[in-house]
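Numbering of ligands and ligand atoms starts at 1, following listing order.
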Amino acid sequence: METLKDKIRHVPDFPKAGILFYDITTLLRDPAGFHAVIDSLVLPFSDAGIDVVVGIESRGFILGGAVAERLGAGFSPVRKPGKLPSTTVRETYALEYGTDCLEIHDDGVTAGQRVLIVDDVIATGGTARATAALVRRLGGSVEGIACLIELLALNGRAQLEGEKVLAVLKY
Ligand code: AMP
């Protein structure tokens, strides 16, 4: 896991002052690193009967697409408002300052499907929590939330109580 950490680039003050951005593009471009990441995300859920992986814009698309294919599951995107072409359901959630929104197609998950949510980073947990709410509004069963990086200082798990959260790397 330490070698995976070595492949992640840390970019200070992006996208704004005071944020340390975990840039996974340097890991994704490395074939062995990318393979190992997908292995780690898939293994805990290989017998979970996942029907659909829901990936969160935008790095969750890259990881979630590969995870879905390995699990033999489908893939459904969660995006910022106005990006998905068909009818959607929307969830608004609180940020440190203000609010943000996420959408999923209203047929992106169907009732009773077993869903794995995938993203690159869990920081405050708000994005993953809103995504779980979208899945449940469509009648999906959230079997887990898998991310590459968990930022422990932000205590995202407090927002995700009751969820099965897998983080491959912790900082
Ligand atoms: P949060 O809702 O606070 O858990 O934020 C998670 C979302 O923001 C994920 O989709 C991440 O891609 C992105 N994110 C938050 N903090 C960082 C960070 N320090 N480095 C990279 N991405 C981040």
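- For atom 20 (N) of ligand 1, the closest heavy atom belonging to the protein is Y22 N, 3.0 Å.
- Using a 4.5 Å cut-off on side-chain heavy atoms (C-beta onward), L160 and I122 make contact.
- Of the listed residues (Y171, Y93, F21), the one carrying the non-hydrogen atom nearest atom 21 (C) of ligand 1 is F21.
- Contact check for L4 versus L27: side-chain heavy atoms found under the 4.5 Å cut-off.
- By the 6.0 Å and 45° rule, K16 does not stack over the aromatic ring of F21.
- Atoms of ligand 1 found under 4.0 Å from any heavy atom of T127, numbered from 1 in the order shown, are 1 (P), 2 (O), 5 (O), 6 (C), 7 (C).
- Heavy-atom proximity to T124, at under 4.0 Å, picks out these atoms of ligand 1: 1 (P), 2 (O), 3 (O), 4 (O).
- Protein heavy atoms are found less than 4.0 angstrom from atom 3 (O) of ligand 1.
- Scanning all protein heavy atoms for the shortest distance to atom 6 (C) of ligand 1 gives V121 O, 3.4 Å.
- Electrostatic pairing of D30 and K7 counts as a salt bridge here, judged by a charged N lying under 4.0 Å from a carboxylate O.
- Counting heavy atoms from C-beta outward, T88 and D106 have side chains that stay 4.5 Å or more apart.
- Side-chain contact between R70 and I38 is present, with heavy atoms from C-beta onward closer than 4.5 Å.
- Taking 4.5 Å as the limit, every side-chain heavy atom of L20 sits out of range of all side-chain heavy atoms of Y171.
- Ranked by closest heavy atom to atom 13 (C) of ligand 1, the top entry among R59, H10, R129 is R59.
- With a 4.0 Å cut-off on non-hydrogen atoms, L20 touches ligand 1 through its backbone and not its side chain.
- The side-chain heavy atoms of I117 and I56, taken from C-beta on, include a pair separated by under 4.5 Å.
- At least one heavy atom of L151 lies less than 4.0 angstrom from ligand 1.
- Contacts between D120 and ligand 1, counted as non-hydrogen atom pairs separated by less than 4.0 Å, involve the side chain only.
- Residue G156 places every heavy atom at 4.0 Å or more from ligand 1.
- Put simply, the side chain of R137 reaches to within 4.5 Å of the side chain of E91, judged on heavy atoms.
- The protein heavy-atom contact nearest to atom 10 (O) of ligand 1 is D119 OD2, 2.7 Å.
- Compare G125, G60, G126, A123 by their heavy atoms: the one nearest to atom 16 (N) of ligand 1 is in A123.
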